[in-house]
Student: 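First, the structure itself, so that you have it in front of you.
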Amino acid sequence: MTETRVRHICSLSGGKDSTALAIMMRDKVQDMEYVFSDTDKELPETYTYLEKLEAYLGKEIVRLHSERTFDHWLEIYGGYLPSSQMRWCTKMLKIRPFEEYIGDDEVHMYIGIRADEDRAGYRPSKTNIHPVYPFIDEGMTLDDIHRVLDESGIGFPDYYSWRSRSGCYFCFYQQKREWLGLLKNHPELFKLAKKYEEDSRRKAGEGRHTWNDGECLEDLEDPDRQADIWARYLQRVESLKKANSTNNSKKLLHILGQDEDEDEDMLPCSFCHI
Ligand code: SF4
């Protein structure tokens with residue numbers, strides 16, 4: 001009788017938590033496979049960060065790609081941009097390539113959800129994938145993640161200076177101030193995101209043609225609107241500081257990574273944003 005092959009896979013998003021997990025597991029699970037589902041629409045900082053991690057791990061991070069491009073799937077979905085309610089992008093460009101890569105092997109999939117987070121993990125559609133949550137098992141919180149990243153010398157991805165989450169440059173989970181960060185740091189990518197909206201408006205009509213709910217990028221880049229977004233953001237920073245003077249800057253950064261009005265649907269998925 002042939003023995004069932006059991007694989008250990010750490011799925012990376014290009015974010016701080018999955019990176020800290022990979023660092024932590026490097027010496028614990030020798031035959032760990034590190035994979036990254038690449039949409040080909042990621043931020044340049046993400047690719048640089050993965051290369052840095054790869055050097056630290058001394059092992060290849062396998063880049064998984066969908067057989068078809070984002071633009072192909074956009075066409076199939078009638079030109080409707082993905083959204084938190086219709087997240088076909090994660091399914092087609094991240095989860096499906098991952099599940100194909102695994103095939104029918106028994107897999108322990110390591111996921112970097114922390115003990116201080118309140119979000120559901122990845123729910124595999126295949127019974128041969130068994131999620132493992134080392135941070136939760138070991139009670140590790142945000143402070144521990146900072147420590148792991150600092151001690152390894154890997155640190156945070158560079159996009160953290162203007163954006164709180166990993167993912168595609170046009171990800172609809174971005175806050176408005178993060179869109180402005182994209183405009184400032186990668187104007188060419190902002191322009192491409194804007195073009196997607198324009199094309200979608202032409203094709204899908206008014207139904208779903210903005211990345212942001214109800215506000216197109218053209219409106220967002222208006223100087224008055226930009227000033228308004230920044231003013232509100234700074235106001236929020238100030239009130240958070242006052243409300244909890246015990247918050248250190250790391251915790252504050254964490255809190256500011258979420259919109260005030262973020263509801264259950266807007267919580268980012270564990271596949272793209274860990
Ligand atoms: S990062 Fe955002 S846009 Fe990209 S696949 Fe994930 S949910 Fe979709």
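By convention here, the first residue in the shown sequence is residue 1. We count ligands from 1, going down the list as the structure has it; atoms in each ligand are counted the same way.
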Student: For Asp144, which residues count as a side-chain contact (heavy atoms from CB on, under 4.5 Å) partner, sequence neighbours excluded?
Tutor: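 Per chain and number, Asp144 pairs via side-chain contact (heavy atoms from CB on, under 4.5 Å) with Met140, Thr141, Arg147.
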
Student: Answer yes or no as to whether an N/O/S atom of Cys171 is found below 2.8 Å from atom 2 (Fe) of ligand 1.
Tutor: yes

Student: Taking only heavy atoms of Gly167 into account, list the atoms of ligand 1 that are under 4.0 Å away from them.
Tutor: 1 (S)

Student: Going by the rule ring-ring contact (aromatic ring centres under 6.0 Å, His included), which residues pair with Tyr56 if we only count those two or more places apart in sequence or in a different chain?
Tutor: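 ring-ring contact (aromatic ring centres under 6.0 Å, His included) check on Tyr56 returns nothing, list empty.
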
Student: Measure from the side-chain N and O atoms of Asp38 to the backbone N and O of Asp40, and report whether any donor-acceptor pair falls under 3.5 Å.
Tutor: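 Yes.
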
Student: Report the member of Ser13, Cys168, Ser84 with the shortest heavy-atom distance to atom 1 (S) of ligand 1.
Tutor: Cys168

Student: List every atom of ligand 1 that sits less than 4.0 Å from any heavy atom of Cys89, numbering the atoms from 1 in the order shown and giving each element.
Tutor: 3 (S), 5 (S), 7 (S), 8 (Fe)

Student: Is the NZ or CZ atom of Arg165 positioned over Tyr160's six-membered ring, under 6.0 angstrom from the centre and within 45° of the axis?
Tutor: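 Geometry flag: not set, cation outside 6.0 Å or 45°.
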
Student: Do Glu54 and Arg63 meet the salt-bridge criterion of a basic N to acidic O distance under 4.0 Å?
Tutor: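 Salt bridge: yes.
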
Student: For Leu93 and ligand 1, answer yes if some heavy atom of the residue is under 4.0 Å from a ligand atom, otherwise no.
Tutor: no

